[in-house]
Amino acid sequence: MATNLSTPPLSPYLSSHNHHHHCPLRLPANNKRCTISSKRAPAPPSAVAGEQHSPSLAEQLKPLSTTTLSDQPNEAQLLSKPKSTWVNPTKSKPSVLSLQRHKRSSPYSHNPQIKDLRNFAKKLNDCEESAFSDVIEKIPHPPTRENALLLLNSLRPWQKTLIFFDWVKAQNAFPMETIFYNVTMKSLRFGRQFQHIEALALEMVEKGIPLDNITYSTIITCAKRCNLFDKAVEWFETMYKTGLMPDEVTYSAVLDVYAKLGKVEEVMSLYERGRASGWKPDEIAFAVLAKMFGEAGDYDGIKYVLQEMKSLGIQPNLVVYNSLLEALGKAGKPGLARSLFEEMVESGVSPNEKTLTALIKIYGKARWARDALQLWERMRLNGWPVDFILYNTLLSMCADLGLVEEAEALFEDMRGSEKCRPDSWSYTAMLNIYGSGGNVDKAMVLFREMSEGGVQLNVMGCTCLIQCLGRAKRVDDLVSVFGIAVESGVRPDDRLCGCLLSVVSYCEGEDASKVLACLERANVALAAFVRVISGEESPSFDVVKEELKRILSSTAVEARRPFCNCLIDICRNRGRHERAHELLYLGTLYGLYPGLHTKTEEEWRLNVRSLSVGAAQTALEEWMGTLARIVQRRESLPALFSANTGSGNHKFSQGLGGAFASHVEKLAAPFTESEGKPGLFTATREDLVSWLQSRAPPSAATTAFTN
DNA sequence: ATCGGTGATG
């Protein structure tokens with residue numbers, strides 16, 4: 001068996017007895033990433049739609065589905081764990097149902113009573129819910145099948161639909177059919193009433209009313225919207241048990257369920273199973289796949305989607321393009337996103353707001369200022385649609401690229417507009433721009449404007465503002481902003497704590513105490529730890545280790561390294577160098593600094609790009625201590641040593657390189673910054689060894705921990 | 001007007 005699926009609870013649809021015929025995928029069991037071979041088995045000869053001489057598949061399969069359902073399975077039977085093979089394995093391979101959309105011409109079009117009923121529906125929708133039951137009785141025409149359907153279709157909200165449906169059932173004027181349940185469920189789904197939908201589905205089972213693809217896909221998508229993914233999968237399995245084949249809609253709905261659960265392997269297996277049984281995936285299925293691979297950052301997966309569409313002769317539509325562009329951005333391929341966008345426009349598909357939002361975001365993250373600004377220009381020239389999310393994304397892009405004037409112009413545009421008024425996102429983007437550019441006064445003007453205009457400050461805006469006030473050493477303003485923010489409902493998160501912590505690290509005396517008091521309101525344990533490591537009493541290494549571990553494990557992953565960096569800075573700035581070395585060691589131990597040291601035959605490198613100034617200095621000292629011992633022991637060394645601080649692509653990035661350079665200078669270490677490679681400091685073995693030998697033997701601080 | 005897919009921050 002070629003399948004190699006690591007997660008057992010697969011839908012039975014995924015594990016047919018003849019699965020091994022169609023598995024061009026190689027799915028590493030221990031790897032979430034899905035490796036996709038570039039060749040897939042050719043689609044099997046179509047046993048499906050398009051063959052005019054044979055009966056339609058729906059007809060072929062009808063006996064199977066109706067007999068299974070008319071056996072009136074009870075609830076326990078229906079919901080029991082399905083078997084892992086097809087209901088009837090001796091039958092030839094089951095095929096996908098082809099979709100037959102219902103014609104536009106509605107069954108009501110020849111109904112002469114339609115006008116009356118429309119008015120009546122409006123009356124029902126407008127009346128108080130308490131009066132609803134009484135109003136129903138005034139129905140102008142008898143509730144025939146068609147009349148009832150028309151009304152059921154136009155009722156809202158779900159409470160009324162449900163009451164009306166019960167009323168129709170009570171009239172006993174005609175037998176209830178599947179469509180009545182489907183229409184009612186649609187209204188319930190609109191109100192996210194999964195419990196009610198499930199109850200209706202069970203009622204259908206009980207009464208022997210067949211559930212069809214429309215019923216199942218409505219149930220499944222409702223569960224999905226209610227985030228009840230297990231329920232969605234469960235009902236898909238139930239569908240399998242009855243022997244009903246999924247149609248295109250059900251396929252894409254279920255693929256989306258698995259995709260949203262992050263079950264890439266299941267999605268691909270189901271996709272392959274569907275393909276093997278004659279399903280021709282459409283744009284919607286490909287949009288689902290593209291999004292899934294984007295979420296996984298899986299570029300091979302994205303290529304697979306493009307290739308599949310090509311081989312099936314399907315042109316991407318707008319939504320597919322949007323999903324693919326987004327996915328390419330998440331997979332870190334801005335250049336490919338750009339060329340796909342050009343291809344899209346050339347093929348005659350006009351971008352919408354979502355397309356442009358995706359691209360602007362990609363260009364901003366890639367720091368492609370020229371492309372971003374050109375696209376913005378093109379948007380205006382072509383009259384491409386703009387909405388407030390796109391506006392806010394443009395502002396964030398300006399923040400990423402340091403385009404202050406452009407952002408100000410945009411923000412003014414928004415102020416003057418009717419439908420794109422600046423909201424808390426817009427203000428946050430501006431606070432980010434002024435905050436990272438150090439323009440405290442403008443940031444504070446915005447802050448006051450927000451409270452006057454009733455725009456709520458959010459946690460990110462608060463973080464930007466506090467960062468800015470901290471750098472400007474306006475500690476009293478910082479304390480006041482923090483207080484106002486918390487009182488107005490901002491709940492400090494780990495990033496805000498990291499920001500406060502960094503302000504603590506470069507403040508002294510009274511200022512540091514004030515900021516630490518803010519931090520204490522947000523994170524008691526962290527503030528206490530700061531007091532411990534910088535206070536008079538000197539706790540043991542083991543105590544520090546345990547407490548740091550406790551704090552870091554309850555901290556969001558993206559804030560852990562910043563925490564550790566700041567804590568190291570705090571120690572250094574308060575003359576606790578040994579403790580700084582301990583913290584760097586612990587940070588390395590807990591995996592916060594992967595790839596700090598890289599070694600090749602020719603060169604050993606210290607990578608400090610993601611370290612704070614103090615942490616980088618500590619790491620350099622630690623490394624020099626280690627090398628000194630290696631020299632003492634006369635072990636072999638490579639010809640070249642280097643330390644990389646990175647150059648900081650961001651316009652506002654503070655100069656780690658500069659601080660590192662002055663530290664190197666202070667130590668008189670023989671590192672020099674490379675020509676043309678800012679942030680890369682190199683030293684030859686000869687220079688470094690003679691410098692190390694000229695120094696006093698390594699101190700206790702630098703010998704405490706070795707790598 | 002009985003079923004499915006796309007966008008936002010440090």
Side-chain angles (χ1 to χ4, degrees), chain A residues 99 101-102 104 106-109 118 121 149-156 177-187 189 212-222 224 246-257 259-260 281-292 294 316-327 329 351-362 364-365 387-397 399-400 423-429 431-433 435-436 458-467 493-496 498-499 558-559 562:
Chain A
L99 184 63
R101 285 277 180 192
H102 307 275
R104 261 277 177 205
S106 71
Y108 323 122
S109 54
R118 286 231 167 96
L149 260 185
L150 187 148
L151 287 169
L152 209 50
N153 255 315
S154 33
L155 285 183
R156 198 162 291 204
E177 300 163 33
T178 305
I179 185 171
F180 287 87
Y181 285 87
N182 291 349
V183 173
T184 307
M185 283 184 184
K186 188 183 170 188
S187 174
R189 188 185 59 179
D212 61 11
N213 261 289
I214 299 174
T215 322
Y216 283 112
S217 57
T218 307
I219 298 170
I220 288 165
T221 53
C222 179
K224 193 168 74 180
D247 67 7
E248 287 92 328
V249 173
T250 311
Y251 260 119
S252 52
V254 175
L255 286 178
D256 196 36
V257 168
K260 293 219 154 75
D282 57 12
E283 291 90 342
I284 296 181
F286 286 121
V288 168
L289 292 188
K291 179 167 180 165
M292 173 185 76
N317 65 11
L318 178 59
V319 178
V320 174
Y321 271 121
N322 288 351
S323 307
L324 284 167
L325 289 169
E326 183 88 6
N352 67 4
E353 297 90 334
K354 293 183 168 102
T355 323
L356 299 165
T357 300
L359 269 184
I360 288 291
K361 205 171 86 185
I362 289 169
K365 293 277 166 253
D387 65 7
F388 71 102
I389 294 183
L390 179 50
Y391 258 113
N392 286 341
T393 306
L394 283 162
L395 284 178
S396 303
M397 177 273 290
D400 284 335
D423 63 0
S424 83
W425 284 80
S426 330
Y427 275 98
T428 303
L431 288 173
N432 188 11
I433 290 169
S436 33
N458 62 27
V459 64
M460 179 180 165
C462 179
T463 306
C464 295
L465 201 48
I466 281 182
Q467 180 184 34
D493 61 6
D494 290 338
R495 294 202 197 193
L496 177 49
C499 175
E558 76 270 13

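Proteins get letters first, then strands, A, B, ... in listed order; numbering begins at 1 in each. Keep in mind the model is a prediction, meaning the values are calculated, not measured.
Using a 4.0 Å heavy-atom criterion, one finds that A:D256 contacts the sugar-phosphate atoms exclusively. Among the heavy atoms of the strands lying under 4.0 Å from A:T218 are primed sugar atoms or P, OP1, OP2 only; no base atom is included. Residue contacts for A:T221: at a heavy-atom cut-off of 4.0 Å it reaches the sugar-phosphate backbone alone, with no base atom in range. If you check every strand for non-hydrogen atoms under 4.0 Å, A:F388 touches a base. Among the atoms of the strands shown, none is found under 4.0 Å from any heavy atom of A:L356. Using a 4.0 Å heavy-atom cutoff across all strands shown, A:T393 reaches no nucleic acid atom at all. Contacts of A:E353 with the nucleic acid, taken as non-hydrogen atoms under 4.0 Å apart, include base atoms. Using a 4.0 Å heavy-atom distance criterion, A:D494 is classed as making no nucleic acid contact. Contacts of A:Q467 with the nucleic acid, taken as non-hydrogen atoms under 4.0 Å apart, are absent.
OP1 or OP2 of B:dA8 has not a single side-chain nitrogen or oxygen of A:K365 nearer than 4.0 Å. A close approach under 4.0 Å does not occur between any side-chain nitrogen or oxygen of A:K291 and OP1 or OP2 of B:dG5. Between A:K224 and B:dG5, a side-chain N or O to OP1/OP2 separation shorter than 4.0 Å is present. Taking 4.0 angstrom as the limit, A:K260 places none of its side-chain polar atoms (N or O) nearer than this to OP1 or OP2 of B:dG5.
For A:R156 and B:dA1, a side-chain-to-base donor-acceptor distance below 3.5 Å is absent, hydrogens and geometry of angles not being considered. In terms of polar N and O atoms assigned as donor or acceptor, the side chain of A:D247 never comes within less than 3.5 Å of the base of B:dG4 in a complementary pairing. A donor and an acceptor atom sit less than 3.5 Å apart, one in the side chain of A:D282 and one in the base of B:dG4.
By the side chain to side chain donor-acceptor pair (under 3.5 Å) test, A:T250 is found to be paired with A:N213, A:D247, residues two or more places apart in sequence or in another chain being considered. With sequence neighbours excluded, the residues that form a side-chain contact (heavy atoms from CB on, under 4.5 Å) with A:V459 are A:T463, A:V490, A:D493, A:L496.
In the set B:dG5, B:dG4, B:dA8, B:dG4 carries the atom at the smallest distance from any side-chain atom of A:S252. Nearest to the side-chain atoms of A:V459 among the listed nucleotides B:dG4, B:dG10, B:dA1 stands B:dG10. With B:dG4, B:dG5, B:dG10 as the choices, the nucleotide that has an atom nearest any side-chain atom of A:T463 turns out to be B:dG10. For A:I284, taking side-chain heavy atoms from C-beta onward, the closest of the listed nucleotides B:dC3, B:dG4, B:dT6 is B:dG4. When distances are taken from the side chain of A:R189 to each of B:dG5, B:dG7, B:dC3, the shortest belongs to B:dC3. Side-chain proximity of A:K361 to B:dA8, B:dA1, B:dG5: nearest is B:dA8.
Rounded to an integer number of Å, the gap from A:L155 CG to B:dA1 P is 14 Å. When rounded to the nearest whole Å, the span between CZ of A:R118 and C1' of B:dA1 equals 8 Å. Rounded to a whole Å, the OH atom of A:Y321 is 16 Å from the C1' atom of B:dG5. Residue A:N182 contributes atom CG, which lies 15 Å from atom P of B:dA1 at whole-angstrom precision. For the pair A:L151 CG and B:dA1 P, the interatomic distance rounds to 16 Å; values are reported in whole Å.
For the 3.5 Å distance criterion, the side chains of A:T355 and A:N322 qualify, holding a donor opposite an acceptor.
Rounded to whole Å, the separation between the C1' atoms of B:dG10 and B:dT6 comes to 25 Å. A distance of about 15 Å separates the P atoms of B:dA1 and B:dG5, rounded to the whole Å.
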